[in-house]
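Proteins come first, then strands; the chains are lettered A, B, ... in the order of their sequence lines, and each starts at number 1. Heavy atoms only: backbone and side chains are in, while hydrogens, waters and symmetry mates are out. The structure displayed is predicted, hence computed values, not measured ones.
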Protein chains: 2
Amino acid sequence: MSAGHTAVTTPPVVSCGEEHEDCGIRDVLDRIGDKWSVLVVVELAQGMRRFRQLQRAVPGISQRMLTLTVRRLERDGLITRTVHPTVPPQVEYELTPTGHSLTHLVKALADWSAQHRDAIARARRDWDAAHPDAGIR
Amino acid sequence: MSAGHTAVTTPPVVSCGEEHEDCGIRDVLDRIGDKWSVLVVVELAQGMRRFRQLQRAVPGISQRMLTLTVRRLERDGLITRTVHPTVPPQVEYELTPTGHSLTHLVKALADWSAQHRDAIARARRDWDAAHPDAGIR
DNA sequence: CAGGATCCCTAAGGATACTG
DNA sequence: CAGTATCCTTAGGGATCCTG
């Protein structure tokens, strides 16, 4: 169809073993694909943070979601939670080595986004223009 | 606290400009963080596919979600949709160059998952054992 | 075959109030 | 400060039926 097309000769970068049945991809996405996890990880990449510090650093997050998010990250061994029995209480969150390794991945995501966001935005505008009445958006 | 701790000296891998306000990370995750997009992309990484082929290749997906997923991917310029006006109709989906570049990213996700899934599973078991009654899970 | 149109249901997330 | 406890709204997604 379209003129010079590299066609099917493109080597399969990802292939999920034999008959792909989920690989581990969905695993990661179920973990960091939510609304706040990566943002918290990104902030913690700068160093240790306390609860309120995190909440201020991650703009729109509610205290409820912050609590849930750090709990999950802690459960998965991506961050540590250190309670100082002072008054008022003081709780510190910090990335574990595993959590830190995740920042590399997040960096890859950010890089990809930076490289393609313009093209994607353009594609969207074009598509929206070509489909004035779409159930999507 | 814990013995030899690399502490705050860890260089910030990701930092989102100055005061991070979302970077482009959420952008990517909003795009591929859903339940099916990556799986469809992974399948299309093998080459061109038709609608039913995709549905069979991605086990649990409903036709509704497949429709929505490919629409979104098409809108973002990650895949192309080619309609052959035959009877019965035949529609082919294929990765665009941008879409193909995404497979590299997905590969990074899969690799990270493979490297850490055991550690994470262990961390979970430990955490669950230490917190018998947790609202999380 | 490749969808569109509906209906329904659950989980994610927001807002608010309260506590150690 | 660092949470917990409720309540409520929405969006994501599944199931089913219908059509060109």
Side-chain angles (χ1 to χ4, degrees), chain A residues 22 26 29-40 43-44 48-76 79-94 127 131-137, chain B residues 22 26-40 43-44 48-76 79-94 127 131-137:
Chain A
D22 216 305
R26 280 247 46 85
L29 291 178
D30 287 344
R31 189 156 295 112
I32 67 165
D34 70 293
K35 198 170 179 181
W36 304 109
S37 292
V38 278
L39 299 181
V40 169
E43 180 59 25
L44 287 179
M48 177 240 294
R49 292 288 187 276
R50 294 175 39 194
F51 191 87
R52 289 287 318 195
Q53 277 186 300
L54 274 178
Q55 186 166 9
R56 274 188 295 263
V58 183
I61 199 170
S62 66
Q63 95 292 46
R64 174 183 136 82
M65 286 318 294
L66 181 53
T67 302
L68 286 178
T69 302
V70 294
R71 279 293 172 281
R72 287 195 275 247
L73 292 174
E74 188 201 359
R75 181 164 103 108
D76 290 341
I79 68 177
T80 59
R81 177 173 178 273
T82 312
V83 180
H84 295 278
T86 62
V87 43
Q90 186 165 340
V91 180
E92 296 173 346
Y93 294 95
E94 201 166 2
W127 196 93
H131 305 255
D133 47 349
I136 213 175
R137 202 171 29 123
Chain B
D22 216 305
R26 280 248 46 85
D27 245 59
V28 204
L29 290 177
D30 287 343
R31 189 156 295 112
I32 67 164
D34 69 293
K35 197 170 179 181
W36 304 109
S37 292
V38 278
L39 300 180
V40 169
E43 180 59 24
L44 287 179
M48 176 239 295
R49 291 288 187 274
R50 293 176 38 197
F51 191 86
R52 290 287 317 200
Q53 276 185 299
L54 274 178
Q55 187 166 9
R56 275 188 295 263
V58 183
I61 199 170
S62 66
Q63 98 292 46
R64 175 182 134 84
M65 286 318 295
L66 181 53
T67 301
L68 286 178
T69 302
V70 293
R71 280 292 172 282
R72 288 195 275 246
L73 292 175
E74 188 201 0
R75 181 164 102 108
D76 290 341
I79 69 177
T80 59
R81 176 173 179 272
T82 312
V83 180
H84 296 278
T86 61
V87 45
Q90 186 165 340
V91 180
E92 296 173 345
Y93 294 95
E94 202 167 1
W127 195 94
H131 305 254
D133 47 349
I136 214 174
R137 199 165 36 123

Taking the side chain as C-beta and beyond, is there a heavy-atom pair between [X] and [Y] under 4.5 Å?
{"X": "L54(A)", "Y": "L66(A)", "answer": "yes"}
{"X": "E94(A)", "Y": "L44(A)", "answer": "no"}
{"X": "R31(B)", "Y": "D27(B)", "answer": "yes"}
{"X": "V38(B)", "Y": "R26(A)", "answer": "yes"}
{"X": "W127(A)", "Y": "D76(B)", "answer": "no"}
{"X": "R81(A)", "Y": "R71(A)", "answer": "yes"}

Using whole Å, report how far [atom1] of [X] lies from [atom2] of [N].
{"X": "L66(B)", "N": "dA5(C)", "atom1": "CG", "atom2": "P", "answer": "17 Å"}
{"X": "L54(B)", "N": "dA2(C)", "atom1": "CG", "atom2": "C1'", "answer": "12 Å"}
{"X": "F51(B)", "N": "dG20(D)", "atom1": "CZ", "atom2": "P", "answer": "18 Å"}
{"X": "R56(B)", "N": "dG3(C)", "atom1": "CZ", "atom2": "P", "answer": "14 Å"}
{"X": "L39(B)", "N": "dG13(D)", "atom1": "CG", "atom2": "P", "answer": "11 Å"}
{"X": "R26(A)", "N": "dG12(D)", "atom1": "CZ", "atom2": "P", "answer": "14 Å"}
{"X": "Q53(B)", "N": "dC1(C)", "atom1": "CD", "atom2": "P", "answer": "11 Å"}
{"X": "R71(B)", "N": "dA2(C)", "atom1": "CZ", "atom2": "P", "answer": "12 Å"}

Phosphate OP1/OP2 of dG3(C): any R81(B) side-chain N/O under 4.0 Å: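 True: R81(B) side-chain N/O within range (under 4.0 Å) of dG3(C) OP1/OP2.
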
Y93(A) side chain near dC1(D) phosphate (N/O to OP1/OP2, under 4.0 Å):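 So the side chain of Y93(A) is outside the cut-off, no N or O lying under 4.0 Å from OP1 or OP2 of dC1(D).
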
Axis-to-axis angle between the two ends of the helix from dC1(C)-dG20(D) to dG20(C)-dC1(D) (five base pairs per end, rounded to 10 degrees):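 Answer rounded to 10°: the end axes differ by 50°.
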
Results of salt bridge (charged side-chain N to carboxylate O under 4.0 Å, His left out) for R49(A) - residues two or more places apart only: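 So R49(A) forms a salt bridge (charged side-chain N to carboxylate O under 4.0 Å, His left out) with E43(A).
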
Inter-residue atom distance I32(A).CD1 - L73(A).CG, 0.5 Å rounding: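 Atom-to-atom, I32(A):CD1 and L73(A):CG are 10.0 Å apart.
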
Spatial distance of atom CG (L29(B)) from atom CG (D34(B)) [nearest 0.5 Å]: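 Answer for the CG-CG pair, L29(B) versus D34(B), is 10.5 Å.
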
Most 5' of P89(A) and T67(A) on DNA chain D, judged by nearest nucleotide: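 Mapping each residue to its closest nucleotide by heavy atoms, the 5'-most match is P89(A).
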
Base versus backbone protein contacts along nucleotides 11-17 of chain C [heavy-atom cut-off under 4.0 Å; B, S, -]: --BBBBB

